[in-house]
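The chains referred to below are lettered A, B, ... by the order of the sequence lines, with proteins before strands, and numbering in each begins at 1.
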Amino acid sequence: MGENGRKQPDSLYKQRHSLAHILAYAVGDIYQNVKYGVGPVIDNGFFYDFDLDETISEDDLGKIEKRMQEIINKDYKFDREEIELSAAKERIKKQEQPYKEELINDILTKGSTDIYAEEGEDIESVDKVSFYTIGDFSDLCRGGHAKSTGKVGAFKLTKISGAYWRGNEKNPQMQRIYGVAFETQKELDEYLQLVEEAKNRDHRKLGRELDLFTVSDLVGSGLPLMTPRGAVLREELARYSQELQAAQGFERVWSPHIAKTTLYEKSGHYQKFPERFEVSSIESNDKFMMKPMNCPHHIQIFARRPWSYRDLPVRYMENTTNYRDEKHGELHGLSRIRSLSQDDGHVFCSEEDIESEVSAIVGMVKDMYKSLDMKFYARLSYRDSSSIYLGDKKLWAKAENILAKVAKTEKLDFMEEVGEAAFYGPKIDFMVNDSLGREWQCATIQLDFVQPERFDLSYVDSNGAEKRPVMVHKALLGSIERFMSVYIEHTAGRFPVWLAPEQIRVITVNQEQKTVRFAESIVEKAKELDVRIGLGNDNESVGKKIRSSEVWKVPYTVVVGEKEIQSGEVTPRIRNDLEVQKSHSPYKIEDFLKTVANEARSRASKTSL
RNA sequence: GCCACCUUAGCUCAGCUGGUUAGAGCGGCUGUUUUGUAAACAGUAGGUCGUCGGUUCGAAUCCGACAGGUGGCUCCA
């Protein structure tokens, strides 16, 4: 029973749980020799795992749904029965259900079916288990059901997948059938519509339609290529991140994309990165690898010379690409790739400076997501009592207090989670909400007590004593490509002016010399002001060219013809999501262009025209 | 990597159970038109139907392998 399941309203939870049973009943009716796994409630519905002789495909879902509906129509009561464990074991043995038998055995030895529970650890005295029966289908189950099969709301089977028994790839693979379910058909329809909307906003679809990026089989999967338009978006985001950091004293550094593996052996990353790309040299015996992260490089830049407490904090930033050989099946558009760029940065400071440094970075995160018009909350991740965490316990406690204090003084919307810290230090992860209500981890601030130790970093304090600096890792966007995927879906490709690959499109009313020359003069003036402008001078109707500009989601479209040539004024057509109020008045061309340039510079999310 | 599904023109997709020269819309190109705020008209070029192999008189269609893609593989009676 997942945490997620528990957060649901009780009645909905019971309906979904009941549907899982009904699904199992239906599958048992349709197929021979069905071995049942587990069937829990999940975020928007339920699933059930089966071990079947034949493989089912999505085409079979309709058939199963139909049988489920029949069971629902019969309105069977959910009958609860409590029996002794030993009797239950016998009963299941007779049914020849090996998976259920394993569960019973776990209850017997561990008092729980939790796969993470250690044998012998906190054995509850369980002597009875319950079975729930509907019609002639009976299942071992803790409970939580609707009164009868007729009271389960609206559902739809959605997909099918392979899933290992108890999530362990050494175990047999079972067939998992997923369903979504809600109290009413209306809610179900709304949910399905949201899924549909998400499909329409899929960044891979928009990436193609708006010509932002491409993938090539020859270059390799998970290695996206940025087109001119995509490169603009990417550069603008990256530039903003660096401007925010530079304002807080971060200096730009640069490091090569490969390094000797000994660097990562020393940092401790080598063992922790089985998904590394190794690089061999024909000339030398040294082993190299593509850098999976940047901290060891920045550490080496810091370590080049001795430091005084007067020099601290030292802050380095670099927008650069890391390489990680992710599992093939996990690659996805721009969000899960093998060459990911980070707006990375590292601070080397004294313990006393942690608070002000973290606070400054929190300030950047706020600025960044305000400009991007996205809401977020913070998750403070602390250590628990387990032994995986390295570094001085007192320092940990102090640092965790500092993070909490900063979260309060910065008035962050935050939650605290014990046991979620990195092994090298506590952290703040920022969870960004997109316009469809989904959550993404983007920005992060991580304290690190381990790497300064491993690389023996030091500075001289005011008493002349050698001291160990603390390291702070930070990223505002996280992976820039991944952020792009989130942002493309958040905006549905309707970027604000400062990020739009094409900010203005000039459309000609005809192809007469005079008109074309006038349009070209506007393009030239715009370019002088660093405004990104396109020219729509095809031999097409004005309506067609306006449509094209809309389809490409260009913020401003201006049509020029005789009238504009005479007046020297244009009436920009504004993309509707940017409009504050509708008052399309004519602007002198120079004023219009300057306003657009200013909007871009100020990173405004709405138009001021 | 594992499970299921998919792969036909630059894009979106037809092509029924194998049967003449594989189709459409958009986009591209050429021409006509010279357009005033979300799609003018006509013509035309694009495809060894993902790759390789097999079955067959005959394969886009059936079978197999491989490649690439999509959804999932975290939710524990």
Side-chain angles (χ1 to χ4, degrees), chain A residues 1-7 17 20-21 24 36-49 55-61 88 92 97 99-104 106-107 112-117 126 129-132 139-144 158-178 195 199 202 204-205 208-209 211 214-218 220-221 326-333 507-512 515-516 536 538-551 557-564 571-573 576 584:
Chain A
M1 217 156 290
E3 279 300 309
N4 291 329
R6 280 303 188 197
K7 283 180 201 156
H17 195 181
H21 278 244
Y36 300 95
V38 296
V41 173
I42 53 174
D43 275 350
N44 294 296
F46 58 93
F47 69 74
Y48 211 106
D49 287 345
T55 53
I56 36 185
S57 80
E58 246 138 79
D59 297 338
D60 300 322
L61 293 182
I92 280 180
Q97 288 296 338
Y99 301 104
K100 294 289 182 191
E101 208 177 322
E102 189 180 324
L103 295 174
I104 285 266
D106 275 8
I107 296 173
S112 154
T113 57
D114 186 345
I115 49 169
Y116 299 112
V126 179
V129 291
S130 52
F131 281 80
Y132 279 81
D139 197 8
L140 173 70
C141 179
R142 182 188 287 154
T158 49
K159 58 199 169 202
I160 189 154
S161 96
Y164 296 106
W165 171 239
R166 311 192 107 180
N168 185 340
E169 49 188 300
K170 291 193 185 101
N171 286 338
Q173 188 159 34
M174 312 191 66
Q175 301 189 61
R176 176 173 296 177
I177 299 177
Y178 285 92
V195 170
K199 217 189 260 174
D202 190 315
R204 291 165 303 181
K205 182 172 182 272
R208 194 172 44 242
E209 288 171 3
D211 197 21
T214 187
V215 279
S216 150
D217 285 357
L218 281 174
S221 57
E326 301 289 350
K327 286 184 194 169
H328 248 231
E330 297 196 333
L331 298 175
H332 179 91
I507 287 171
T508 52
V509 138
N510 57 41
Q511 270 70 57
E512 283 165 25
T515 319
V516 175
D538 305 318
N539 181 10
E540 296 285 355
S541 66
V542 173
K544 175 84 169 271
K545 286 187 275 191
I546 284 170
R547 181 181 146 78
S548 167
S549 189
E550 291 282 345
V551 166
T557 306
V558 295
V559 177
V560 298
E562 192 54 33
K563 203 174 86 192
E564 286 72 21
T571 306
R573 191 189 157 95
N576 54 24
H584 292 191

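- Among the protein residues, Y178(A) comes within range of the sugar-phosphate backbone only, with heavy atoms under 4.0 Å from sugar or phosphate atoms but none that close to a base.
- Whole-Å rounding puts the R166(A) CZ to rU74(B) C1' distance at 15 Å.
- Separation of the C1' atoms belonging to rU33(B) and rU51(B) is 47 Å when rounded to the nearest angstrom.
- Taking only side-chain nitrogens and oxygens, H332(A) comes nearer than 4.0 Å to OP1 or OP2 of rG71(B).
- Comparing the same atom, C1', in rA22(B) and in rU30(B) gives a spacing of 25 Å after rounding to whole Å.
- Across all strands shown, G561(A) has heavy atoms under 4.0 Å from base atoms, whether or not it also approaches the sugar-phosphate.
- Nearest heavy atom pair, residue N168(A) against residue Y164(A), reads O-CB, 3.1 Å.
- S221(A) comes within 4.0 angstrom of the backbone, heavy atoms only, and of no base.
- Comparing atom distances between the Q511(A) side chain and each of rA77(B), rU35(B), rG36(B) picks out rU35(B) as nearest.
- Taking atom CZ on R208(A) and atom P on rC26(B), their separation rounds to 19 Å, with Å as the unit.
- Under a 4.0 Å N-O distance rule, the pair D139(A)/K100(A) qualifies as a salt bridge.
- Straight-line distance from the CH2 atom of W165(A) to the C1' atom of rU74(B): 16 Å, rounded to whole Å.
- The side chain of V509(A) approaches rG36(B) more closely than any other nucleotide in the set rU34(B), rG36(B), rG68(B).
- One can place CG of D139(A) at 11 Å from P of rA77(B), the figure rounded to the nearest angstrom.
- Between D202(A) and R208(A) there is no salt bridge, since no side-chain N of the basic residue sits under 4.0 Å from a carboxylate O of the acidic one.
- In the set rG69(B), rG72(B), rU32(B), rG72(B) carries the atom at the smallest distance from any side-chain atom of K159(A).
- In this structure rC13(B) sits in a base pair with rG23(B), meeting the Watson-Crick or G-U test at under 3.5 Å.
- Within the shown strands, rU70(B) is the pairing partner of rA4(B) under the Watson-Crick or G-U definition, both distances less than 3.5 Å.
- Per the geometry, CD belonging to E209(A) stands 12 Å off P belonging to rC11(B), to the nearest Å.
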Walk me through it: do W165(A) and E102(A) pass the test side-chain hydrogen bond (donor to acceptor under 3.5 Å, both in side chains)? CA-CA 11 Å; W165(A) 171 239; E102(A) 189 180 324; 3.0 Å; yes
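- In this structure, of rC75(B), rU35(B), rU12(B), it is rC75(B) that holds the atom nearest to the side chain of P40(A).
- As a whole-Å value, the separation of N539(A) CG from rG28(B) P is 12 Å.
- Distances shown here put a side-chain N or O of S541(A) below 4.0 Å from the OP1 or OP2 atom of rA40(B).
- Nearest nucleotide to the side chain of I160(A), out of rC73(B), rU37(B), rA4(B): rA4(B).
- Taking atom P in both rA14(B) and rC62(B), one finds a spacing of 15 Å when rounded to whole Å.
- Taking atom P on both rA42(B) and rG1(B), the two are 50 Å apart, rounded to the nearest angstrom.
- rG10(B) and rA45(B) have their P atoms separated by 16 Å, with the value rounded to a whole Å.
- Comparing the P positions of rU8(B) and rC16(B) gives an interatomic distance of 16 Å, to the nearest angstrom.
- Taking each heavy atom of V516(A) and N510(A) in turn, the nearest pair found is CG2-O, 4.4 Å.
- Its glycosidic angle being more than 90° from 0, rG25(B) falls on the anti side.
- Residues V559(A) and E512(A) both approach RNA chain B. Their nearest nucleotides, taken by heavy-atom distance, put E512(A) toward the 5′ side.
- Of all nucleotides listed (rA39(B), rU37(B), rU32(B)), rA39(B) comes nearest to the side chain of K544(A).
- Using a 4.0 Å heavy-atom cutoff across all strands shown, K545(A) reaches no nucleic acid atom at all.
- When the side-chain nitrogen and oxygen atoms of R547(A) are compared with OP1 and OP2 of rA39(B), none of them lie within a distance under 4.0 Å.
- The phosphate of rU70(B) (OP1 or OP2) has a side-chain N or O of R204(A) nearer than 4.0 angstrom.
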Might you work through the side-chain contact (heavy atoms from CB on, under 4.5 Å) test for Q511(A) and N539(A), ending with a clear yes or no? CA-CA 7 Å; Q511(A) 270 70 57; N539(A) 181 10; 3.7 Å; yes
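- Within the shown strands, rU51(B) is the pairing partner of rA65(B) under the Watson-Crick or G-U definition, both distances less than 3.5 Å.
- Here the separation of rU35(B) from rA9(B), taken at their P atoms, is 40 Å to the nearest Å.
- For Q173(A), the side-chain atoms get nearest to rG72(B) when compared with the rest of rG72(B), rG71(B), rG36(B).
- The side chain to side chain contact (heavy atoms under 4.5 Å, CB included) test applied to Y178(A) returns I42(A), F47(A), T158(A), K159(A), S161(A), R176(A), not counting sequence neighbours.
- If you take atom P in rC63(B) and the same atom in rG19(B), they sit 15 Å apart, rounded to whole Å.
- Rounded to whole angstrom, the span from the CD atom of E540(A) across to the P atom of rC26(B) amounts to 11 Å.
- The base of rA38(B) sits within donor-acceptor range of the side chain of R573(A), with an N or O pair under 3.5 Å.
- Pair assignment for rA38(B): none, as no Watson-Crick or G-U wobble contacts are both less than 3.5 Å.
- In this structure, CG on N171(A) lies 8.5 Å from OH on Y99(A), to the nearest 0.5 angstrom.
- The distance between atom CD1 of I177(A) and atom C1' of rC3(B), rounded to the nearest whole Å, is 13 Å.
- Nearer the 5' end of RNA chain B, as judged by each residue's closest nucleotide, is the contact made by M174(A), out of E564(A) and M174(A).
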Just do the side-chain contact (heavy atoms from CB on, under 4.5 Å) check on K199(A) and K205(A) with the steps written out, would you? CA-CA 8 Å; K199(A) 217 189 260 174; K205(A) 182 172 182 272; over 6 Å; no
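- Of the listed nucleotides (rA38(B), rC3(B), rC73(B)), rC73(B) has the atom at the smallest distance from the side chain of Y164(A).
- Figure legend. rG43(B) is base-paired to rC29(B); pairs are counted as Watson-Crick or G-U wobble with both atom distances under 3.5 Å.
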